[in-house]
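Working notes, beginning with the structure itself.
Chain letters run A, B, ... following the sequence lines, proteins first, then strands; residues in each count from 1. Atoms considered below: every heavy atom in the structure, side chains included; atoms not considered: hydrogens, waters and symmetry mates.
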Protein chains: 2
Amino acid sequence: MNDMNDKAEAVSKYLKGIASPHRLLLLCSMAEGEKSVTELMEATGLAQSSASQHLAKLREEGAVSYRREHRTLYYSISSKLTQDIMALLYQEFCQNKENINV
Amino acid sequence: MNDMNDKAEAVSKYLKGIASPHRLLLLCSMAEGEKSVTELMEATGLAQSSASQHLAKLREEGAVSYRREHRTLYYSISSKLTQDIMALLYQEFCQNKENINV
DNA sequence: TTATAATATTAGATTTTTCTAATATCAAGT
DNA sequence: ACTTGATATTAGAAAAATCTAATATTATAA
């Protein structure tokens with residue numbers, strides 16, 4: 001019974017992990033392919049510290065991962081769930097001209 | 001360009017709208033079929049005021065709607081997007097024993 | 001028309017999130 | 001060993017979310 005509460009907590013943590021305008025923009029940018037932190041900063045207009053903190057949160061929730069190449073870290077979406085959700089959201093908010101059924 | 005920002009805002013608002021443990025439990029309960037507010041309170045253990053406020057937020061985001069029957073309001077999930085997302089989350093957090101790919 | 005059951009709204013305190021500024025780390029290149 | 005470029009972490013202030021308690025609304029039944 002409080003198994004359900006635990007699951008709700010976990011799901012909530014994950015959803016809140018991606019549910020900020022800035023983190024969504026980061027994910028959107030990464031949806032095009034892996035991006036360095038600097039590229040992500042430019043694409044989203046975020047300050048360095050802010051970008052880094054948002055990426056940390058996305059990492060914590062397992063939504064993204066990175067690979068190092070020299071001094072540069074390349075981030076990308078690493079979870080199927082996140083890809084699926086981003087696809088649904090994109091379809092709903094970015095393609096559906098009249099926002100019925102939101 | 002700030003079209004993207006506007007969309008990110010809208011998506012964020014929607015996601016935050018469903019991303020609280022209590023609201024997820026409410027949605028989970030409604031996934032079984034429409035429920036009265038009292039039934040939802042019992043199912044989730046929420047206080048009356050709290051349940052009502054959470055339902056208001058879900059309404060605002062268009063995730064749920066209700067129908068009145070006498071004094072009782074019956075709530076249900078009204079958006080395809082919300083149903084799809086709930087299905088993905090259920091699959092990921094409630095069926096996948098080993099939480100790979102979160 | 002008044003009492004009551006079912007639900008909504010408001011107010012205020014508490015907690016959580018998010019930003020900026022400052023500082024730290026870490027891996028090259030010199 | 002130093003310096004520098006790329007990124008991370010910490011601290012603290014400001015903004016947003018959430019709970020409880022109190023009050024209001026609304027539809028029915030007496």
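- Side-chain atoms of A/S78 and A/Y66 include no donor-acceptor pair closer than 3.5 Å.
- The structure places OG of A/S50 at 8.5 Å from CG of A/L26, a figure rounded to the nearest 0.5 Å.
- When heavy atoms are screened at a 4.0 angstrom cut-off, A/Y75 is found touching the sugar-phosphate backbone but no base atom.
- As a whole-Å value, the separation of B/L58 CG from D/dT18 C1' is 14 Å.
- Between B/K16 and B/V37, the residue whose closest nucleotide on DNA chain C is further toward the 5' end is B/V37.
- A donor-acceptor pair under 3.5 Å is formed between the side chain of A/K35 and the backbone N or O of A/S29.
- Atoms NE2 (B/H54) and C1' (D/dT18) sit 7 Å apart, rounded to a whole Å.
- The line from CD of A/E34 to CG of A/L40 is 10.5 Å long, rounded to the nearest 0.5 Å.
- Look at CG on B/L73: it is 11 Å from P on D/dT28, rounded to the nearest Å.
- Contact of A/R71 with D/dT4 (side chain to base): a donor-acceptor pair of N or O atoms is detected under 3.5 Å.
- Using a 4.0 Å heavy-atom criterion, one finds that B/S49 contacts the bases of the nucleic acid, with or without backbone contacts as well.
- For the pair A/A56 and B/K57, both in contact range of DNA chain D, the more 5′-proximal nearest nucleotide belongs to A/A56.
- Contact of A/Q48 with D/dA8 (side chain to base): a donor-acceptor pair of N or O atoms is detected under 3.5 Å.
- Between B/Y14 and A/F93, the ring planes lie tilted relative to each other; the angle falls in the 30° to 60° range.
- If you check distances only, the side chain of A/Q53 never reaches the base of D/dA8 with a donor-acceptor pair under 3.5 Å.
- Distance, B/E69 CD to C/dT7 C1': 15 Å, rounded to whole Å.
- The interatomic distance linking A/L46 (CG) with D/dA6 (P) rounds to 18 Å, in whole Å.
- Look at CG on B/L40: it is 10 Å from P on C/dA8, rounded to the nearest Å.
- B/Y75 and B/S36 form no side-chain donor-acceptor contact under 3.5 Å, judged by distance and modelled atom types alone.
- Remark: B/E42 engages no residue in a side-chain hydrogen bond (donor to acceptor under 3.5 Å, both in side chains) (not counting sequence neighbours).
- Between the NE2 atom of A/H70 and the P atom of D/dA6 there is a distance of 12 Å, given to the nearest Å.
- Backbone-only engagement by A/T38 is indicated by non-hydrogen atom pairs under 4.0 Å involving sugar-phosphate atoms exclusively.
- Candidate nucleotides C/dT9, D/dT7, C/dT20 were compared by shortest atom distance to the side chain of B/R59, and C/dT9 ranks first.
- Of all the residues in residues 18-33 of chain B, B/S20, B/H22, B/R23 reach under 4.0 Å from DNA chain D with at least one non-hydrogen atom.
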